[in-house]
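Every number for a ligand or one of its atoms is a count from 1 in the order of the listing.
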Amino acid sequence: MQELLSCTDIIFHCAATVRFDDHLRHAVQLNVIATQKLLLMASQMPKLKAFIHLSTAFSNCNLKHIDEVVYPCPVEPKKIIDSMEWLDDAIIDEITPKLIGDWPNTYTYSKALGETVVHQESGRLNTAIVRPSIVGATWQEPFPGWVDNTNGPSGLIIATGKGFLRGLRATPMAVADMIPVDTVVNLTLAVGWYTAVHRPKSSLVYHCTSGNLNPCYWGKIGFQVLAVFEKVPFEKAFRRPNAGLTVNTITSQYWNAINHWAPVILYDFYLRLTGRKPRMTKLMNRILKMVSMLEYFINRSWEWSTDNTEMLMSTLTPEDQRIFNFDVRQLNWLDYIENYVLGIKKYLLKEDMAGVPEAKQHLKRLRNIHYLFNTALFLIAWRLLIARSQVARNVWFFIVSFCYKCLSYFRASSPLKV
Ligand SMILES: CCCCCCCCCCCCCCCCCCCCCC(=O)SCCNC(=O)CCNC(=O)[C@H](O)C(C)(C)COP(=O)(O)OP(=O)(O)OC[C@H]1O[C@@H](n2cnc3c(N)ncnc32)[C@H](O)[C@@H]1OP(=O)(O)O
Ligand SMILES: NC(=O)C1=CN([C@@H]2O[C@H](COP(=O)(O)OP(=O)(O)OC[C@H]3O[C@@H](n4cnc5c(N)ncnc54)[C@H](OP(=O)(O)O)[C@@H]3O)[C@@H](O)[C@H]2O)C=CC1
């Protein structure tokens with residue numbers, strides 16, 4: 001502690017809980033109280049030049065247009081922190097929906113409280129807040145497509161590529177405000193430099209977003225993800241990757257029943273019959289839970305102003321602009337998504353590119369099983385219908401006799417006949 005207090009000259013405060021479903025007490029502990037404690041510690045650091053706090057662009061996702069300012073919270077963070085000390089977990093559970101109000105989860109709410117703490121309790125410290133949107137794989141550094149966790153889009157891309165996720169309730173024309181992780185790092189380092197060297201009079205907020213400079217849409221991302229799976233599929237897929245986006249709740253529920261639950265229930269039944277432990281329904285539960293948590297973010301668009309970020313870019317020298325590049329206007333989304341999917345395959349799933357031909361063979365087998373299954377299902381349904389309905393029987397006799405007549409006609413008119 002002594003060494004930290006005497007030697008630290010800059011703090012990048014990134015630690016947080018990023019789970020959307022965290023208990024409010026834990027989220028407040030990690031994202032609010034810890035920030036408060038770190039500010040206190042920072043105030044005892046004689047050499048400290050800047051305190052950079054990592055927040056999220058979604059800390060004010062209850063608003064549609066978001067400026068680079070700290071918005072007041074409906075309940076003061078101090079009151080929330082105090083109440084966490086004496087309320088028990090059951091009561092906190094009960095009041096959480098009322099406290100978080102328009103915020104979709106405890107994560108975004110606690111990050112908003114964290115910002116207010118930085119704003120109110122930084123005292124004489126030189127602080128700045130960076131707000132990234134949906135952080136994705138690297139764009140350029142150390143190499144394109146690097147990724148190391150299943151947060152955000154990565155988990156859904158895996159679930160789609162492995163054939164579990166076949167449909168999402170998402171708005172294809174909603175802006176997919178993704179931002180590569182190396183862009184976030186570059187911007188954060190540049191903010192550290194600017195805050196320490198230029199010492200702005202007031203604490204500045206920087207939006208690290210892509211939507212207003214180089215917008216991309218969920219529909220376009222979905223198509224590109226599927227196009228990459230055609231060329232480079234993931235190994236040992238459960239079904240062929242083939243997903244769709246819909247805004248219609250009924251369609252989405254139909255997809256859940258037919259495309260998500262039916263195959264895993266059938267497969268678990270097969271596992272049980274062959275004496276193995278069923279595991280697919282549990283996995284599907286987890287995937288659909290993840291989807292339900294992310295749906296809020298893929299069915300809305302936000303506008304983030306980026307004046308401070310653009311100002312920062314203009315103060316960097318051309319050389320620094322190149323080294324600490326955070327200009328997302330240069331980003332080609334299709335290339336980025338391709339590298340992202342390949343990065344997931346390589347760095348998260350640890351799959352080798354040498355296995356691609358075998359993965360393609362596996363998908364072909366799955367396609368044949370799919371056709372066989374559908375044909376069998378159709379024939380059984382038709383057989384049952386014929387047994388029960390006179391109309392169906394008449395249609396069936398009509399089709400059979402029509403085919404027979406056609407066949408006889410072609411045989412009679414064929415020049416090959418002897
Ligand atoms: C047209 C065709 C269409 C094609 C479609 C193509 C698709 C492309 C479209 C893409 C649309 C993207 C939308 C993104 C929107 C993001 C918005 C973010 C906005 C905010 C950004 C922020 O400001 S910031 C933080 C972001 N914060 C998270 O993003 C955490 C979320 N998350 C959780 O809040 C918890 O995760 C939650 C869920 C509670 C579950 O919780 P849970 O307890 O059920 O499960 P766990 O997460 O604990 O996972 C337990 C173990 O399963 C492993 N695992 C999990 N998923 C796995 C998987 N899919 N594949 C393999 N493995 C997986 C995991 O790695 C663990 O493994 P291990 O135990 O070894 O560590
Ligand atoms: N991922 C995203 O899409 C976005 C992330 N952000 C913000 O970026 C920051 C980093 O997030 P991200 O990298 O995605 O999340 P991770 O969960 O990968 O990283 C969080 C970090 O916080 C550390 N941490 C968690 N709890 C504690 C604790 N009690 N004490 C000390 N360290 C702790 C973790 O350490 P350890 O590894 O040891 O567990 C980990 O290094 C967060 O502030 C998040 O709010 C903002 C916008 C989007």
Side-chain angles (χ1 to χ4, degrees), residues 12-22 26-27 29-31 33-35 37-38 52-61 103-112 114-115 129-137 147-172 174 176-181 184-185 188 207-209 216-229 234 241-246 255 282-300 302 337 340-341 344 348-350:
F12 293 101
H13 177 219
C14 308
T17 169
V18 300
R19 290 187 69 92
F20 292 160
D21 65 343
D22 227 342
H26 194 241
Q29 227 148 29
L30 258 77
N31 296 347
I33 301 176
T35 304
K37 285 190 176 160
L38 194 60
I52 312 303
H53 175 76
L54 253 288
S55 184
T56 163
F58 296 97
S59 57
N60 300 291
C61 58
W103 278 270
N105 51 46
T106 53
Y107 167 70
T108 46
Y109 175 66
S110 61
K111 289 298 271 189
E115 285 187 6
I129 295 175
V130 179
R131 286 185 185 150
S133 47
I134 301 170
V135 179
V147 54
D148 79 340
N149 67 36
T150 52
N151 282 347
S154 311
L156 291 194
I157 293 175
I158 296 177
T160 309
K162 292 283 184 184
F164 288 104
L165 189 64
R166 312 269 294 186
L168 269 179
R169 205 173 68 77
T171 308
D177 207 300
M178 292 214 291
I179 192 86
V181 63
V184 181
V185 172
T188 308
H207 281 160
C208 188
T209 53
C216 189
Y217 303 91
W218 289 117
K220 182 172 169 179
I221 289 184
F223 278 119
Q224 178 64 353
V225 167
L226 292 180
V228 180
F229 288 147
F234 290 168
N242 181 19
L245 306 181
T246 179
W255 281 352
K282 201 171 155 206
L283 187 65
M284 186 52 77
N285 247 326
R286 169 171 285 165
I287 291 172
L288 293 186
K289 178 179 169 193
M290 177 165 77
V291 168
S292 72
M293 299 261 166
L294 300 182
E295 265 178 2
Y296 177 90
F297 301 94
I298 45 184
N299 283 291
R300 290 170 175 75
W302 287 266
I337 296 299
Y340 193 167
V341 175
I344 288 177
L348 279 184
L349 301 174
K350 315 273 185 230

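Within a 6.0 Å radius of CZ in Phe12, more than 12 heavy atoms belonging to other residues, nucleotides or ligands are found.
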Give every pair formed by an N or O atom of ligand 2 and a protein N or O atom closer than 3.5 Å, one pair per line with both atom names and the distance to 0.1 Å, or write none.
from	atom 1	to	atom 2	distance (Å)
ligand 2	3 (O)	Val135	N	3.0
ligand 2	22 (O)	Ala16	N	3.2
ligand 2	43 (O)	Cys14	O	2.7
ligand 2	43 (O)	Lys111	NZ	2.9
ligand 2	45 (O)	Tyr107	OH	2.7
ligand 2	45 (O)	Lys111	NZ	3.0

Show the distances, to 0.1 Å, for all pairs joining an N/O atom of ligand 1 and a protein N/O atom that are shorter than 3.5 Å, listing one pair per line.
from	atom 1	to	atom 2	distance (Å)
ligand 1	23 (O)	Thr56	OG1	2.8
ligand 1	23 (O)	Tyr107	OH	3.0
ligand 1	27 (N)	Val18	O	3.2
ligand 1	29 (O)	Gly152	N	2.8
ligand 1	34 (O)	Phe20	N	2.8
ligand 1	41 (O)	Arg19	NH2	2.9
ligand 1	43 (O)	Arg19	NH2	2.8
ligand 1	48 (O)	Arg19	NH1	3.0
ligand 1	52 (O)	Arg286	NH1	3.3
ligand 1	59 (N)	Gly155	O	2.9
ligand 1	65 (O)	Thr150	OG1	3.3

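A distance-only check finds no donor-acceptor pair linking the side chain of Asn151 to the backbone of Ser154 [under 3.5 Å]. Without hydrogens or angle criteria, Asn60 side chain to Ala112 main chain gives no donor-acceptor distance under 3.5 Å.
The shortest heavy-atom contact between His53 and Glu115 is NE2-N, 4.4 Å. When all heavy atoms of Thr106 and Asp22 are compared, the closest pair comes out as OG1-O, 2.8 Å.
Between Phe297 and Phe20, the gap from one ring centroid to the other is short of 6.0 Å.
Residues meeting the salt bridge (Lys or Arg N to Asp or Glu O under 4.0 Å) test with Asp21, sequence neighbours left out: Arg19, Lys289. Residues passing the salt bridge (Lys or Arg N to Asp or Glu O under 4.0 Å) test with Arg166, sequence neighbours excluded: none.
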List the steps and the verdict of side chain to side chain contact (heavy atoms under 4.5 Å, CB included) for Phe234 and Val341.
-> CA-CA 9 Å; Phe234 290 168; Val341 175; 4.1 Å; yes
